[in-house]
Every structure is written in structure tokens, then in C-alpha cells.
Participant: 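Could you have a look at this structure, given as C-alpha cells, before my questions?
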Number of protein chains: 2
Amino acid sequence: MTDVVAEKPRRGRPPVSDEQRQRQRMDISRHAVRLFTEQGVAATSGEQIAQAAGVSERTFWRYFPHKESCVEPLLTKMVDAFCVVLLAWPPELELIDHLRETYSPLLDSATDEDIEAVLAVVRLTHGERALRAAYLMLRERAEDALAEVLAERMGKPRDTIDVRVQAAAMSAVLKVATDDVARASVAGITRSTLDGHREQIATALRGLSQML
Amino acid sequence: MTDVVAEKPRRGRPPVSDEQRQRQRMDISRHAVRLFTEQGVAATSGEQIAQAAGVSERTFWRYFPHKESCVEPLLTKMVDAFCVVLLAWPPELELIDHLRETYSPLLDSATDEDIEAVLAVVRLTHGERALRAAYLMLRERAEDALAEVLAERMGKPRDTIDVRVQAAAMSAVLKVATDDVARASVAGITRSTLDGHREQIATALRGLSQML
DNA sequence: GCGTTTGTTGGCACTCTCTGCCACTAATTG
DNA sequence: CAATTAGTGGCAGAGAGTGCCAACAAACGC
């Protein structure tokens, strides 16, 4: 018999769809981040987040194994979006042009509240140790994804040292630029700030590819 | 009156010297790392570490605000040592030569047990989330220090984007090389492994400076 | 409708991490 | 010796997270 299909007759209640689950996580995430920014991470209890999100504490801990991981949905959304943009970068195009074409509409599609929340988290990571750790682990995942993309683009295996180094360098560009725009948006975000952000990334990345 | 000196007559018991405190931390760290590698981080309680190190649990928590930070003394020792080597890098010398001159005696001066412990921690960071976070935050501190050195060397302010990028790139080299040597030393360390480590770093860094 | 099966939720008890507080001891000066 | 200052240990307690189980929800075949 083929274990490929396994032909389960499928009885009983079906599991909640993945996107449903993602939505739920994202919803809780937004509440958590709001509380984090208002009172700090340490002063916000799991019970409080659960209550704000309208679920029991027990279910909250099922959705998020650690309190700090509440920021993941929001942050991964940002990082993943950027990775998608990079993945779609056609070899013949200048990176800066590609960003202008693809990155800006992406930022427009996100709600201001979400962008604001993401930047708030980035600011928080500078003072809240627990958030910093979560942030760094996320960036590491993003760097791995970046390395994957670069490896394909350079036609080299994924774990070559120069692939990894270049991924790290690009990741550093994104990190610095993100920090800058987060700092610049303390008093609210503007179109020009975001545009400046995109241009800063593009310039730095171009400088980088000149170097490499 | 000058508030610069403040001339306190200094009564009562004097505070424990910094190096004394460092020694104590390092001692506890060693015990903790041993337990971590033997049973995993989650399965090792603060009480257990305290008992192994011969202090009360209360004092243990005073020395280490978080369980994972037990790995800091050992890891920072390694990272700091490398930063010192880099800081002493004379501009006229090839980096690889400088490493051969300075880095090897440094590795010789450390005890095999400590090196082994550091590598064990590095291996652990791949499976233990809490350790990974601590490790990444430490690497970040190291990267900042590196940026400081590079800034001086390049004659640019510390937060220039290319300084940060280059620091990130070099940090990535160290990270990859460290992971490699940790993986290669699962069954014990040898001189040739460490030598290979140094040469890998030197080669990659030279390649990097060619690129930049 | 019915019962059956499978998945999700919430409540409860529990362990472990980490903190505040206080009494006690240790080291130093006069 | 008393006075002063620092480090230590013990105890109680809040919060993080987990295992377990009963209750509920959504599918199925009848």
C-alpha cells in the first residue's frame, strides 16, 4: 500500500485551518503589543493579554509558548514581506528600481496601525531584554531565508561562507535602516519617512553590491 | 567643594572586589554549563545549579538574573579575548599573520576544559531556545565592539552604515567559523581543529577585505 | 434526529523562575 | 568594644508555563 495518501476517512471535527489560526495569533499579537508599549513587557501579565484578547489564559499560552513570542506575528509579517520582495527581484533589474516598484505598494497595503505597531516593537527591543532576544532570533531566521535567496542567485550552495557573509551584510543593512526609521517615527510615521527608509536601504544595498 | 572626589571616609565592610565577583560568577557558570550539557537547560533548575556551586539559591539568583545568563561568563571570555586580539591588530600587518602570532597563544593559555565548555554551549544554542537568545545578544555586543574597532581603523564615526555592515560581515565570519569548529569538536578538540579554525577565520576575513 | 469521533477550549493544580523583605553574619574603622 | 556597611540565606509570594481532564464544537454515518 502507498503511505503517500494513506486514505484517512476523515471523521470527527476538522482541525482549524492554518489561516484561521494565524488570524487568531495576529489578533492576540496586536493586543499584546499595545499592552507592551503602554506598560512595558514585564508589567504585562499573560492573564492580562488573554483577557484583552478575549480568550482564557490557558488558550493564550497554547497560542504563544512564551510571552515575548507575542511580537512574532507582527514582526514576521514585516520580515516575510520584505523577503518576498527580494525573492521576486529579477536579475536584470537594478535593486533600487525593483524596490521602488514593489516595496512601496507593499507598505501602502499594510495598515498604518500595523506599521506603527511594528516600529513600536522595534523601539521597545532596545530597552526590553526579552523582546530583544525574540527580535534577534527572528532576524536570524530572516537572514537564513536571505542566504537561501542569495545562494540561488549566485549559483552556489546555501552554506558557502561568502553567501552567509553577504546575507549577514544585507541583513545588517536592513537592521540599521529599520532602527533608523523606528527612531525617526517616534512621533508618528509619514510617507516621506517611509520613502526615505526605502531609499536608504536601496543606497546601502547598492553600495554593498559595489563592494562585493 | 569638588564633587569629583567627594572624600568618603569609607567606613564598614568594603565591597567585594570586581575580580573576586567575576571569579565567583565564572565558577558558578562552569557548574551550570556542565549541568546544561548533561541534562539540558529546561531540566536544570536554579536550585540545582546553586547546590552544585555551593551557594544558596537566593545568592545564585543575585549573581545571575536569568538562568540562561549562566553561560555569559564563559562565552564573554571567549568573545572578549578575540576582540582584544583584533584591537591589537597593527595596521601594517596582514591579519592572518597577526592571528597566527596572537590568537594561537591565547587559545593555548585557556584550559581545555573551558574551550570544551564554550564549544558545548555553542552546540547547545542550536537546540535550546533560551540559550540561543542569550548567545545572540552576546554576539550583538561583540559586533558593537567590533564596529568600534573598525570605525577607528577606517577613520569614520562609529555609526556609519558601512562600518556597521563591515562589522556585521566580520561577525558573520566568526559565527560561521565558530559553529564549524563546534560541530567538528563533538568528539573532543584537537590542536589541528583549532588551527584549522584560525586559518578558516583568517582566510574568510582576508577574502572579506578583498571584497570591501 | 441519534451516537461516535476528533479537535478545541477552559479550569485547576502544580512546578519553576525570579523578587522583595528581613534577619544574620562578615569585614572594616574608631 | 560599638558602629557601620556589605554579602548571604531563608521565607513568602507573584508570575510563567505545563499536564490533565471535563466540557463543548463540528464533522461524520446512521
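What you see is a predicted model, and the numbers here were worked out from it, not measured in a lab. We name chains A, B, ... by the order of the sequence lines, and we start the count at 1 in each one.
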Participant: Ignoring the backbone of A:T59, work out which of C:dT17, D:dA6, C:dT9 is nearest its side chain.
Facilitator: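 Closest of the options to the side chain of A:T59: C:dT9.
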Participant: Does B:R13 or B:W61 map to a spot on DNA chain C nearer the 5' end, using the closest nucleotide for each?
Facilitator: B:W61
Participant: Measure the distance from NZ on A:K67 to P on C:dC16 and round it to the nearest whole Å.
Facilitator: 20 Å
Participant: So, is B:H66 near the phosphate of C:dT17, with a side-chain N or O under 4.0 Å from OP1 or OP2?
Facilitator: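 Result: no.
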Participant: Specify the separation, in whole Å, of atom CZ of B:F60 and atom C1' of C:dT19.
Facilitator: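 To the nearest whole Å, that distance equals 14 Å.
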Participant: Nearest to the B:R11 side chain among D:dT8, C:dG30, D:dG29, which nucleotide is it?
Facilitator: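 Out of D:dT8, C:dG30, D:dG29, the nucleotide with an atom closest to B:R11's side chain is C:dG30.
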Participant: Tell me: CZ of B:R62 to P of D:dG7, nearest whole Å?
Facilitator: 10 Å
Participant: Starting at CD of A:E47 and ending at P of D:dT18, how long is that distance when rounded to a whole Å?
Facilitator: 17 Å
Participant: Using a heavy-atom cut-off of under 4.0 Å over every strand shown, decide if A:T44 touches base, sugar-phosphate, or nothing.
Facilitator: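 Sugar-phosphate only.
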Participant: Do the charged groups of A:R30 and A:E113 touch, with an N to O distance under 4.0 Å?
Facilitator: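 Judged by the 4.0 Å cut-off on N to carboxylate O distance, A:R30 and A:E113 do not form a salt bridge.
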Participant: Measure from CD on B:Q20 to C1' on C:dA26 and round the result to the nearest Å.
Facilitator: 14 Å
Participant: Determine: side-chain N/O of B:Y63 to OP1/OP2 of D:dG7, distance under 4.0 Å, yes or no.
Facilitator: no
Participant: Does B:G12 or B:E68 map to a spot on DNA chain C nearer the 5' end, using the closest nucleotide for each?
Facilitator: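 The 5'-side residue here is B:E68.
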Participant: Can you tell me the distance, in whole Å, between the CZ atom of B:R58 and the P atom of C:dG20?
Facilitator: 8 Å
Participant: Nearest to the side chain of A:P15, heavy atoms from C-beta on, is which of D:dA16, C:dG10, C:dT8?
Facilitator: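 Given the options D:dA16, C:dG10, C:dT8, the side chain of A:P15 is closest to C:dT8.
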Participant: Charged N to carboxylate O under 4.0 angstrom, A:E140 versus B:R139?
Facilitator: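 The answer is no: the pair does not qualify as a salt bridge.
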Participant: Using atom CZ of A:R25 as one end and atom P of C:dT9 as the other, report the distance to the nearest whole Å.
Facilitator: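 Those two atoms, CZ and P, are 13 Å apart.
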Participant: Under a 4.0 Å threshold between the charged nitrogen and the carboxylate oxygen, would B:R198 count as salt-bridged to B:E101?
Facilitator: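 The answer is no: the pair does not qualify as a salt bridge.
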Participant: In whole angstrom, give the distance that lies between atom CZ of B:R129 and atom P of C:dT17.
Facilitator: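 After rounding, the gap between these two atoms is 17 Å.
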Participant: Is any side-chain N of the basic residue among B:R141 and B:E72 closer than 4.0 Å to the acidic one's carboxylate O?
Facilitator: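 No, B:R141 and B:E72 are not salt-bridged.
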Participant: Does the distance from a Lys or Arg side-chain N to an Asp or Glu carboxylate O, for A:D180 and A:R183, drop under 4.0 Å?
Facilitator: yes
